[in-house]
Amino acid sequence: QGRRMDAPVLPVLEPFAEVLPGGGLRAGSAYSLARSSSLVSGLLAGPSQNGTWCAVVGMPDFGVEAAESAGVDLSHLVLVPDPGPRWLAVAATLAEVIPVVAVRPASRTADAEVSRLGARLRDRGAVLLVQGPWPQAEASLDLAEPE
């Protein structure tokens, strides 16, 4: 899909570094995740601990206490629990200024919108973590045993 393999990689916690292509979250990429808050928290922990801002969009049940105990630095976390029907516009706007954006899509996304968002991610060097399927994902991650 024309991704630059030399794009910067954001560090992640050790268990994730072993399974992610390049050993971390590749700037300008999207990742498809299982619907697991533990997985989102685990992936946000490394970047937030290194001072990278992260956002969580459309996950009203995202537990900040659980995220903090998973290692997320809450001082580098922005929460948008209910972005409404324009969730994609909210996620895209946040990706302009926040390097890691996790989102639970509220509806199916048109291919053209996916492509536009992918171009924005590459332009800004942002990472998108999507709970659910995503057509242009760098990788798909699931957890067999969340603990």
Side-chain angles (χ1 to χ4, degrees), residues 1-64 66-68 70-74 76-81 83 87-147:
Q1 296 180 356
R3 289 188 183 18
R4 288 185 24 216
M5 295 314 287
D6 61 341
V9 174
L10 293 171
V12 292
L13 298 180
E14 190 56 42
F16 297 106
E18 295 172 13
V19 297
L20 285 169
L25 297 172
R26 190 171 308 284
S29 297
Y31 296 84
S32 176
L33 310 178
R35 281 182 71 119
S36 162
S37 292
S38 300
L39 184 54
V40 172
S41 294
L43 287 169
L44 296 178
S48 70
Q49 288 175 10
N50 283 299
T52 298
W53 279 90
C54 301
V56 175
V57 178
M59 298 181 208
D61 56 347
F62 185 80
V64 292
E68 186 175 39
V72 176
D73 180 350
L74 298 182
H76 285 87
L77 184 66
V78 174
L79 296 175
V80 183
W87 66 269
L88 184 65
V90 171
T93 300
L94 286 170
E96 291 282 330
V97 294
I98 295 181
V100 182
V101 177
V103 64
R104 180 183 299 151
S107 57
R108 189 189 177 289
T109 309
D111 291 342
E113 292 173 324
V114 169
S115 294
R116 277 194 295 278
L117 182 53
R120 183 173 291 183
L121 293 173
R122 287 186 297 278
D123 182 54
R124 295 293 183 195
V127 172
L128 185 68
L129 304 174
V130 182
Q131 278 194 332
W134 195 253
Q136 298 178 2
E138 174 87 10
S140 295
L141 301 172
D142 197 352
L143 288 178
E145 299 178 33
E147 62 280 341

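The structure presented is a predicted model; accordingly, all values stated were derived computationally and were not measured.
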Would you call V56 and L44 a side-chain contact if the rule is heavy atoms closer than 4.5 Å?
-> yes
Hey, could you give me the CG/CG distance between L33 and D142, rounded to the nearest 0.5 Å?
-> 9.0 Å
Residue pairs meeting salt bridge (Lys or Arg N to Asp or Glu O under 4.0 Å), one or both in residues 90-101, sequence neighbours left out, come to E96-R120, E96-R124
Main-chain N/O of S140 paired with S32 side-chain donor or acceptor, under 3.5 Å | no
Which atom names give the shortest non-hydrogen contact between G23 and V9, and what distance separates them?
-> C-CG1, 4.2 Å
Shortest non-hydrogen contact from A70 to A45?
-> O-CB, 3.6 Å
If you measure from CZ on F16 to CG on L43, what distance do you get to the nearest 0.5 Å?
-> 4.5 Å
When rounded to the nearest 0.5 angstrom, what distance separates CG in L13 from OG in S41?
-> 10.5 Å
T109 vs W134, side chain to side chain donor-acceptor pair (under 3.5 Å): CA-CA, chis, key distance, verdict = CA-CA 9 Å; T109 309; W134 195 253; over 6 Å; no
Of the non-hydrogen atoms in Q131 and S37, which two are nearest, and what is the gap between them?
-> NE2-N, 3.9 Å
Can you name the nearest heavy-atom pair linking A55 to I98, along with the distance?
-> N-CG2, 3.8 Å
What is the distance from atom CG of L88 to atom OG1 of T93, rounded to the nearest 0.5 Å?
-> 9.0 Å
Flag, side chain of Q49 to backbone of G71, donor-acceptor distance under 3.5 Å | yes
Pairwise distance CD(Q136) to CG(L121) - rounded to 0.5 angstrom | 9.5 Å
Would you call L10 and N50 a side-chain contact if the rule is heavy atoms closer than 4.5 Å?
-> no
Side chain to side chain donor-acceptor pair (under 3.5 Å) partners of D111, counting only residues at least two apart | none
Are any non-hydrogen side-chain atoms of V130 and P105 less than 4.5 angstrom apart?
-> yes
Taking every non-hydrogen atom, the tightest pair across W87 and S107 | NE1-OG, 3.2 Å
Rounded to the nearest 0.5 Å, what's the gap from CG on L39 to CG on L143? Could you check?
-> 4.5 Å
Closest non-hydrogen atoms of A27 and V127, given as atom of the first, atom of the second and distance, are CA-CG2, 4.0 Å
